[in-house]
Amino acid sequence: FQPIVRLSNGAISGFEALLRWRHPRLGLVMPDDFLPLANDMGLLHEIGAHMMDSSARQLAEWRRKHRAAGELTVSVNLSTGEIDREDLVEDVARVLTETALPPGALKLEITESDIMRDPERAAVTLQRLRDAGAGLALDDFGTGFSSLSYLMRLPFDTLKIDRYFVRTMCAN
């Protein structure tokens with residue numbers, strides 16, 4: 001889990017769940033090295049469901065055991081195309097019900113490019129996810145060609161600007 005820190009006061013506001021594979025011989029294997037293979041094998045759905053479920057359960061446990069954790073959130077990345085999965089909303093609703101997390105405590109991060117493949121369909125799914133109680137973050141903003149005015153009509157809580165976009169913007 002990577003901490004998410006409030007810039008205003010330096011407090012931890014939540015965590016982002018990051019997938020890593022500790023291989024017995026290769027050591028730490030990064031997602032860019034194993035997710036393409038998982039995709040080819042048709043395993044991304046199972047990996048995504050596991051990440052969402054285990055991350056939500058961990059947050060629920062922290063909230064039960066530690067009073068100071070009561071406002072924390074956990075963010076989970078949706079893999080490419082996962083927003084189109086027919087049972088995504090039902091899976092999210094089930095996880096939120098089973099963990100008793102309040103609305104917005106589980107945040108789903110969706111990339112700008114995934115939204116822009118079919119913006120109308122994505123808008124419907126995003127609203128259904130929001131209605132189920134998920135928080136929503138737009139990840140990698142600035143890597144595509146979407147307009148900010150269009151994205152403002154989507155129900156995102158958080159806008160995560162791509163680091164390359166920020167780096168080039170600050171260099172000028």
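Below, each value reflects all heavy atoms present in this structure, side chains not excepted, and no hydrogens, waters or symmetry copies. Predicted model only: the values in this text are computed from it and were never measured.
Within the structure, side chain to side chain donor-acceptor pair (under 3.5 Å) pairs that include any residue of residues 93-102 comprise Arg57-Glu98, Arg94-Glu98 (at least two apart or interchain). Residue pairs meeting the side chain to side chain donor-acceptor pair (under 3.5 Å) criterion with at least one partner in residues 70-81, sequence neighbours excluded, are Glu16-Asn77, Ser79-Glu82.
Leu138 pairs in a side-chain contact (heavy atoms from CB on, under 4.5 Å) with only one of the listed residues (Leu126, Ile115, Leu154), which is Ile115.
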Dump the intermediate steps for salt bridge (charged side-chain N to carboxylate O under 4.0 Å, His left out) on Glu46 and Arg85, then the final yes or no.
-> CA-CA 12 Å; Glu46 287 82 4; Arg85 196 164 47 82; over 6 Å; no
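Applying the 6.0 Å contact sphere to CZ of Arg20 captures more than 12 heavy atoms from other residues, nucleotides or ligands.
Both Phe34 and Leu43 are assigned to one and the same hydrophobic cluster, defined by single-linkage of ILVMFWY side chains at heavy-atom distances under 4.5 Å.
Under the ring-ring contact (aromatic ring centres under 6.0 Å, His included) criterion, His23 pairs with Trp21, not counting sequence neighbours.
A salt bridge links Arg128 with Glu90: the closest approach of a Lys/Arg side-chain nitrogen to an acidic carboxylate oxygen falls below 4.0 angstrom.
When all heavy atoms of Phe15 and Pro3 are compared, the closest pair comes out as CD2-CA, 3.7 Å. Closest of all the heavy-atom pairs between Pro155 and Leu136 is O-CD1, 3.4 Å. Closest non-hydrogen pair, Ala17 versus Met51, comes out as CB-CE, 3.8 Å.
Between atom CZ of residue Phe156 and atom CD of residue Glu109 there is a gap of 10.5 Å, rounded to the nearest 0.5 Å. In this structure, CG on Leu35 lies 6.0 Å from CD1 on Ile47, to the nearest 0.5 angstrom. Going from atom CG of Leu78 over to atom OG1 of Thr111 covers 9.0 Å, rounded to the nearest 0.5 Å. In this structure, Asp114 CG and Asp84 CG are separated by 6.5 Å, a value rounded to the nearest 0.5 Å. In this structure, NE2 in His45 is found 9.5 Å from CG in Leu88, a value given to the nearest 0.5 Å.
Through chains of ILVMFWY side-chain contacts below 4.5 Å, Leu28 is grouped with Met30. With side-chain heavy atoms closer than 4.5 Å counting as contact, directly or through intermediates, Ile4 stands alone and belongs to no larger hydrophobic cluster.
The side-chain heavy atoms of Leu106 and Val76, taken from C-beta on, include a pair separated by under 4.5 Å. Counting only heavy atoms from C-beta outward, the side chains of Phe1 and Val74 approach each other to under 4.5 Å.
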For residues 59-70, run the donor-acceptor check on the side chains, cut-off 3.5 Å, and write out each pair with its distance to 0.1 Å, sequence neighbours left out.
{"residue": "Glu61", "atom": "OE2", "partner": "Lys65", "partner atom": "NZ", "Å": "2.9"}
{"residue": "Arg63", "atom": "NE", "partner": "Leu72", "partner atom": "O", "Å": "3.3"}
{"residue": "Arg63", "atom": "NH1", "partner": "Gly70", "partner atom": "O", "Å": "3.0"}
{"residue": "Arg63", "atom": "NH2", "partner": "Gly70", "partner atom": "O", "Å": "3.0"}
{"residue": "Arg63", "atom": "NH2", "partner": "Leu72", "partner atom": "O", "Å": "2.7"}

